[in-house]
There are 2 protein chains.
Amino acid sequence: MVTIYDIAKKANVSPMTVSRVINHSPAISEATRLKVEAVIREMDYIPNKQARGLVSKETKLVSLVIPDIANPFFTTIARGAEDKALQSGYQMLLGNSDEQTDKECRYVDLLLSSKVDGVLIAPTGDASLPNLRKLAKRRVPFVFVDRYVEGIDADLASGDNVETTRELVAHLAEQGHRRIALINGPSGISNARERRQAFLDALVLSGLEACPELLIETHFRQDSFSDIVRTFMALAPAARPTAIVAANNFIGVNTLRALKEMNVTVPDEISVACFDDPEPIPDYNPFLTVAAQPAYDIGYMGMQMLIERIEGTAPARSRKIMLPSTLIVRKSTVKA
Amino acid sequence: MVTIYDIAKKANVSPMTVSRVINHSPAISEATRLKVEAVIREMDYIPNKQARGLVSKETKLVSLVIPDIANPFFTTIARGAEDKALQSGYQMLLGNSDEQTDKECRYVDLLLSSKVDGVLIAPTGDASLPNLRKLAKRRVPFVFVDRYVEGIDADLASGDNVETTRELVAHLAEQGHRRIALINGPSGISNARERRQAFLDALVLSGLEACPELLIETHFRQDSFSDIVRTFMALAPAARPTAIVAANNFIGVNTLRALKEMNVTVPDEISVACFDDPEPIPDYNPFLTVAAQPAYDIGYMGMQMLIERIEGTAPARSRKIMLPSTLIVRKSTVKA
DNA sequence: CTGTTAGCGCATTCAG
DNA sequence: CTGAATGCGCTAACAG
């Protein structure tokens, strides 16, 4: 392995001078810089990050921890975050917690032992508190994306849950719906709580009444909605929902599937709209009405805030960035 | 920061003993092991991977480099690869080359300086050769997934391009198609080359003739297929293709979109089938006939071979694992 | 079974 | 502007 000593010997300088060249120290004469750079190229030298990190206490390594790598919403966040990280000279480690707090915990341990400079995280939920405290205890800066955890203060980049929910409800109300159901994520996750509250508020704004039996709490990755749909359809016609808001793309898609299995036609009998587009690829068979959150920007801005924390250029107070969604109206909410 | 010295002092042993406990060395008495483990827990000690890697020359870090993080085919490979890595005690760094050889090059440099133990890679194409040589020169083991590079020997885990292509063509021939087009990826990528050859062979097997004007070479991420579709439709009816095979999900979806824009009905006027399912989420509006490659298994087995290389338990000769696809027939190839 | 010595590759600190 | 000494946290190789 080629080290700074090898370069130093060949260039007739001290190792320290080589180190200065590598780190773009200004205290180097143009002549020696050029000489050393030539030898570095010639010997195909690559600095050892471990050795560097061991002494300098920084690794230029950040991590993004997401709860579902199969969900295009999160992979798009990853693209944004990675672009910003690379632009700023950081390398990004991507972790997938699979919505499991213990898997997240193992990841945090790995990150701690790998000495990442900071962590961008969409926590699995309020149960993530101990994991985040562990980061805080070790003084590793972290920033929330998409979700935050109650009781811990950090920057947050997310979609605007209140405004987005309001748009979805207003769109459905405009279509004449008066009984709208919400199939939500677990109340242990901040955005599910916010969407629930925003949903109730939005109903009021649209002059509608809230019905407890139309507020369903499930999981963001639950894959069967047959029971829920069956319960809805078993209600008396006047009590039955004519529209459903799904709290994410996965719930939206699987609700559609359950409706289809039960031969309930969409949008004729029930309309469906959801948060986040399920399409990673430009839609070829557009169907589902969605409020698309700006996932790329959420990732990008989250990473930007994280890097500012790492480099100490962030204000002391934590910042909350809420980005607006785009309502994309498609067939699932518009009767022919 | 808590180090092995702090633990050693508190447990009244030498730092070396602590190191042995951490590394599960068998040469430790049960009594001291328990004593040291208690102190480790008490002080909430986490080993420093950098220091460890600096001396032991292994980091337990592997990397997966894929060309498109937005494509569900590759994220599914990532899930499989990560599961295997974590099971084997490795941490996985995910890199996204965006089908750009120079971005891939920068990633390889980062991986080299981060001292990863091995790399699982779907190269951007034959142009990746210098990047891979750089890994080889530094003795970093690597394994190919999905694609390989001509002129460099390494293990490979991929779908069975020959058999998969044959299935797609046979399915279309069974539906009575006699003029089948192939919209392929660049010939600089191994699987595009293989699919092209397999396509020609499959036509012969099905008793059909190959028409050069129906063999199109594009990019795996090209997003407009209007020109190609227009050219097809401009052909005399007898020369016009009645079916299209797309070499990946992205091409398939965007070809459908182009057909739709030109008001060509699918499957009545033209049938479409492609490699890889575009759906990351169980399909809710099934339409496109696909040959779904076992992406999870490709990632899993690729990582398994990589770890065997790293740990020296692999045979000297390189291995090629080809996994069969599943043909999923949907509306885009079956007339009502 | 346990401890001692040495050094991994680099950057910080202090001298020139 | 350049260099020498020192140590980051850990483990290999040897000794007991």
Side-chain angles (χ1 to χ4, degrees), chain A residues 1-37 39-40 43-61 89 109-117 138-140, chain B residues 1-37 39-40 43-61 89 109-110 112-117 138-139:
Chain A
M1 162 178 250
V2 182
T3 74
I4 48 170
Y5 288 92
D6 302 315
I7 306 292
K9 201 176 297 174
K10 196 146 188 172
N12 278 315
V13 294
S14 76
M16 200 49 230
T17 300
V18 178
S19 172
R20 288 193 177 98
V21 171
I22 295 166
N23 293 294
H24 305 104
S25 157
I28 287 279
S29 74
E30 193 61 14
T32 56
R33 143 165 297 125
L34 290 173
K35 184 173 60 179
V36 171
E37 280 172 348
V39 178
I40 285 177
M43 301 193 68
D44 208 4
Y45 165 76
I46 296 181
N48 183 327
K49 282 210 170 195
Q50 309 192 109
R52 181 183 291 192
L54 194 56
V55 29
S56 75
K57 302 300 174 204
E58 65 171 28
T59 56
K60 291 290 180 186
L61 200 68
D109 284 343
L110 284 172
L111 299 177
L112 249 18
S113 74
S114 297
K115 297 279 170 229
V116 296
D117 289 343
R138 295 284 190 325
R139 296 280 151 74
V140 176
Chain B
M1 161 180 251
V2 182
T3 73
I4 48 170
Y5 287 91
D6 302 316
I7 306 292
K9 201 176 297 173
K10 197 147 187 175
N12 278 316
V13 293
S14 77
M16 200 51 226
T17 301
V18 178
S19 172
R20 289 193 177 99
V21 170
I22 295 165
N23 292 293
H24 305 104
S25 157
I28 286 280
S29 76
E30 194 60 17
T32 55
R33 144 164 297 126
L34 290 173
K35 183 174 60 180
V36 171
E37 279 173 349
V39 178
I40 285 177
M43 300 191 70
D44 210 2
Y45 164 77
I46 295 181
N48 183 327
K49 281 210 172 197
Q50 309 191 111
R52 181 182 290 191
L54 194 56
V55 30
S56 75
K57 302 301 175 201
E58 65 171 31
T59 56
K60 290 289 177 187
L61 201 68
D109 284 343
L110 285 172
L112 249 17
S113 75
S114 296
K115 298 275 170 235
V116 296
D117 289 341
R138 294 283 190 323
R139 296 282 151 76

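Throughout, a chain's letter reflects where its sequence line sits, starting with A, and its residues are numbered from 1.
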Subject >> Interface with DNA chain C, restricted to residues 19-31 of chain B and to heavy atoms under 4.0 Å >> reply: B:Arg20, B:Ala27, B:Ile28, B:Ser29
Subject >> Euclidean distance, B:Thr17 OG1 relative to B:Ile4 CD1, rounded to 0.5 Å >> reply: 10.0 Å
Original post:
Quick check: are there more than 12 heavy atoms from other residues, nucleotides or ligands sitting under 6.0 Å from NZ of A:Lys35?
Top reply: yes
**OP:** Take atom NZ of A:Lys9 and atom C1' of D:dG3, then tell me their distance rounded to the nearest Å.
**Re:** 16 Å
Original post:
So, the side chain of B:Arg33 versus the backbone of B:Ser25: is there a donor-acceptor pair under 3.5 Å, distance only?
Top reply: yes
**OP:** Using the closest heavy atom to pick a nucleotide of DNA chain C for each, name whichever of B:Pro15 or B:Val55 lands nearer the 5' end.
**Re:** B:Pro15
Original post:
Taking CE from B:Met16 and P from C:dG7, how many angstroms apart are they, rounded to a whole number?
Top reply: 16 Å
Subject >> Rounded interatomic separation in angstrom, taking CG from B:Asn48 and C1' from D:dC8 >> reply: 9 Å
**OP:** Give a yes/no answer on whether the side chain of A:Thr3 brings an N or O atom under 4.0 Å of OP1 or OP2 in C:dC8.
**Re:** no
**OP:** Please determine, for the side chain of A:Ile4, which listed nucleotide (C:dC10, C:dT2, D:dT2) has the closest atom?
**Re:** C:dC10
Original post:
Given D:dG7, is OP1 or OP2 found less than 4.0 Å from the side-chain N or O atoms of A:Lys57?
Top reply: no
Original post:
Rounded to whole angstroms, how far apart are OH on B:Tyr45 and C1' on D:dG9?
Top reply: 8 Å
Original post:
Nearest to the side chain of B:Ser56, which nucleotide is it out of D:dC10, D:dT11, D:dG3?
Top reply: D:dT11
Quick one: side chains of residues 45-57 of chain A, donor-acceptor pairs under 3.5 Å with protein atoms, not counting sequence neighbours, listed by atom name and distance.
from, atom 1, to, atom 2, distance (Å)
A:Asn48, OD1, A:Gln50, N, 2.8
A:Asn48, OD1, A:Ala51, N, 3.2
A:Ser56, OG, A:Arg52, O, 2.9
A:Ser56, OG, A:Glu58, N, 3.4
A:Ser56, OG, A:Glu58, O, 3.4
A:Lys57, NZ, A:Leu54, O, 3.3

Original post:
Roughly how many Å is it from CG in A:Leu54 to P in C:dT12, rounded to a whole number?
Top reply: 12 Å
**OP:** Return yes if some donor-acceptor pair links the side-chain N/O of B:Ser114 with the main-chain N/O of B:Val116 below 3.5 Å, else return no.
**Re:** no
Original post:
Rounded to the nearest Å, what distance is computed from the OH atom of residue A:Tyr5 to the P atom of nucleotide C:dA11?
Top reply: 10 Å
Original post:
Which whole-number value in Å describes the distance from A:Glu58 CD to D:dC8 P?
Top reply: 18 Å
**OP:** For the pair B:Ile22 and B:Ile40, evaluate side-chain contact (heavy atoms from CB on, under 4.5 Å) and give the outcome as yes or no after the intermediate values.
**Re:** CA-CA 9 Å; B:Ile22 295 165; B:Ile40 285 177; 4.3 Å; yes
Original post:
CD1 of B:Ile46 versus P of D:dC10: gap in Å, rounded?
Top reply: 11 Å
Original post:
Can you find a heavy atom in the side chain of A:Val36 that is under 4.5 Å from one in the side chain of A:Arg20?
Top reply: no
